Amino acid sequence: MPGRKARELCPTIQFVGGHFPEYQRLGDAVIAVLDDFTPLVERVSIDEAFLDVSGSVHLFGPPRRIAVRIRERVSNEIGLRLSIGVARTKHLAKVASQVAKPDGLVVVEPSDEQVFLDPLPVGLIWGVGRVTEERLRQAGIVTIGQLASTASPILEHLLGVVNSAKLVSLAASIDPRRVGTARRSKSVGAQAALGRQLAAPPLVRDTLGFLADRVAGRLRECDQGGRTVTVRVRFPGLRSVTRSITLGAPVSATLSLTELANQLVDSALTDHPDEREITLLAISVSNLCNETPVQLELPLPLRTAGVVDSPSSATGLARRDTDRSVDAIRQKFGRTSVGYAAVLFSNGRRVPDEFRELVEHPTRR
DNA sequence: TCTGGGGTCCTAGGACCC
DNA sequence: TCTGGGGTCCTAGGACCC
C-alpha cells in the first residue's frame with residue numbers, strides 16, 4: 001500500500017526505516033555461499049542468481065543434493081530461508097523457483113518438463129506481465145500448455161512476431177540462454193518522484209541537477225560516457241512523456257548533462273502546456289562507450305566546435321577538472337562532503353542514497 | 001488506485017543515404 | 001525528374017523485470 005494511503009487510513013502510523021546496507025551485506029553473503037559450489041554464478045539482482053552446476057556434480061553430487069546443501073548452509077550460517085528451482089534451462093529453473101516460494105525446493109527432471117509447465121498459468125513465463133496475460137486470457141489462453149499449442153499466426157497477431165516466437169520457445173522449454181557472467185550495462189539513469197508539484201523552473205532545475213550529479217558520477221566511476229540523453233517527465237495520473245537527444249560525442253560531465261536534461265525537459269513541458277503539475281523527473285544516459293580519461297600532460301588541439309563537453313574545449317577542460325576534483329573528494333570523505341549547493345539541498349534526497357545504491361545494477365567498464 | 005528507483009527489450013514512424 | 005528497394009540511425013512510447 002502506498003505510504004500516503006496508509007497515513008490517510010491510519011494517521012498515527014509509525015513508519016520504520018529500511019536497513020539498506022544490511023540487505024546488501026546479506027545478499028552478498030548468500031552469493032558467497034553459492035560461489036562455493038560453482039564458479040558459474042550469474043547474479044540477477046540483490047537476492048537472486050542463476051547457477052550452472054553441470055561441472056560440480058562430481059564434487060557435490062546431483063543438482064538436487066547441491067540445492068539441499070545450499071539451502072542448509074544459508075539457513076545455518078546466515079539465517080535466511082532460500083527458495084531454489086532446479087532444471088535444465090534458466091527459464092525452467094526460474095519458474096520452478098517461483099513455484100517453490102517461499103522456503104522450498106522444486107526439481108524439474110528433463111523428462112517431466114512439459115508435465116510441469118503445461119498446467120501453470122502463462123503469467124509465470126518470464127516476460128509475460130499483466131498486459132500480456134490479459135491479452136492472452138481474452139483469446140482463451142490461460143495455461144502454458146494452451147500457449148504452446150496455439151497456432152503461431154494467432155499469437156503473432158496478439159503479441160507481435162518477436163514476442164510470440166520467444167514465448168512459444170519458453171512454453172516448449174526451449175531456452176538457449178546460458179548462465180553467464182555479468183553483462184555490461186547499456187544505460188545508467190536516476191529518477192526522483194516529486195509527489196505532485198507545480199512544474200516551476202527552480203524545482204525542475206534543482207531536481208535535474210541532483211539527478212545529473214548521480215548519473216554523471218556513476219558514469220565517470222567506470223570511465224564511461226553516453227551519447228544519448230533521455231529525460232522522462234511524469235504528470236499526475238501516471239501519464240508520462242520522454243524526450244531524448246543523441247549527440248556526436250559522449251557526455252559524462254555533470255554540468256553538461258544538467259544543461260541537456262534541462263533543455264529536454266523544457267521541450268517536453270512546452271509540448272504539454274496543459275499539464276501544470278509534475279510527479280516525477282528522470283534522466284537516463286545510453287549509447288554508452290568507454291571514455292578513457294584524457295591525459296592532461298599531453299598537448300591538446302584547441303577545438304571549440306559545437307560538441308557538448310569536448311575534452312579539448314576550454315569549457316570541457318574546466319568541467320572535467322571540477323568533476324575530477326569532486327569525485328576525488330567524495331571518494332575520500334563521502335558523497336555529501338562536496339557538491340553543487342543546489343544539488344546538496346535539493347529535494348531529490350528524500351530517498352536515502354543507500355536505497356538508490358541498493359537497486360543500482362553493477363556497471364562494468 | 002497507483003510507491004519508488006534501477007534497468008532491458010520491442011515497436012513503429014521518420015530522416016537519410018546508397 | 002521520378003520510381004523503387006534496402007539499410008541504418010534516431011525518437012517516442014510501452015511492457016516487463018527486480
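Naming: A, B, ... by sequence-line order, numbering from 1 per chain. Basis for what follows: all heavy atoms, side chains included, without hydrogens, waters or symmetry-related copies. On a predicted model such as this, the values are computed, not experimentally measured, just so you know.
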Self-check item: A:R335/A:D213 ion pair, N-O < 4.0 Å
Solution: yes

Practice problem: May I have the step-by-step check of salt bridge (charged side-chain N to carboxylate O under 4.0 Å, His left out) for A:R88 and A:D175, ending in yes or no? | Solution: CA-CA 9 Å; A:R88 190 178 50 82; A:D175 179 9; over 6 Å; no

Quiz item: A:L264 near the nucleic acid: base, sugar-phosphate alone, or nothing, with a heavy-atom cut-off under 4.0 Å?
Solution: nothing

Quiz item: Do A:T254 and A:R220 have side-chain heavy atoms sitting under 4.5 Å apart?
Solution: yes

Practice problem: Using both pair distances under 3.5 Å as the test, note the stems of at least 3 consecutive Watson-Crick or G-U pairs that include DNA chain B. | Solution: B:5-18 with C:5-18

Quiz item: Looking for any heavy atom pair under 4.0 Å, which part of the strands does A:A190 touch: base, sugar-phosphate only, or nothing?
Solution: sugar-phosphate

Quiz item: Just by distance, with hydrogens left out, do A:Q263 and A:E259 show a side-chain donor and acceptor under 3.5 Å apart?
Solution: no

Self-check item: Pairwise 5' ranking along DNA chain B for A:G189 and A:L238, keeping only the more 5' one
Solution: A:L238

Practice problem: Could you pick out which residue, A:S240 or A:R227, lies toward the 5' side of DNA chain C when each is mapped onto its nearest nucleotide? | Solution: A:R227

Exercise. Report which part of the nucleic acid A:R232 touches: base, sugar-phosphate, or nothing (heavy-atom distance under 4.0 Å, all strands).
Key: nothing

Quiz item: Base, sugar-phosphate, or nothing: which does A:T132 touch, judged by heavy atoms less than 4.0 Å apart?
Solution: sugar-phosphate

Exercise. Only one of A:R25, A:Q24, A:H19 passes side-chain hydrogen bond (donor to acceptor under 3.5 Å, both in side chains) with A:E22; say which it is.
Key: A:R25

Quiz item: A:I245 near the nucleic acid: base, sugar-phosphate alone, or nothing, with a heavy-atom cut-off under 4.0 Å?
Solution: sugar-phosphate

Quiz prompt | Nucleotide interval of DNA chain C bounded by contacts with chain A (heavy-atom cut-off, under 4.0 Å) | solution = C:dC10 to C:dC18

Quiz prompt | salt bridge (charged side-chain N to carboxylate O under 4.0 Å, His left out) involving A:D271 - partner list, sequence neighbours excluded | solution = A:R243

Quiz prompt | Cationic N near anionic O, under 4.0 Å, A:R137 to A:E134 | solution = yes

Quiz item: Salt bridge or not for A:R43 and A:D28, using N-O below 4.0 Å?
Solution: yes

Practice problem: Select from A:R214 and A:R234 the residue whose nearest nucleotide in DNA chain B is closer to the 5' end of that strand. | Solution: A:R234

Quiz item: Is any NZ, NE, NH1 or NH2 atom of the basic residue among A:E360 and A:R214 found under 4.0 Å from an Asp or Glu carboxylate oxygen of the other?
Solution: yes

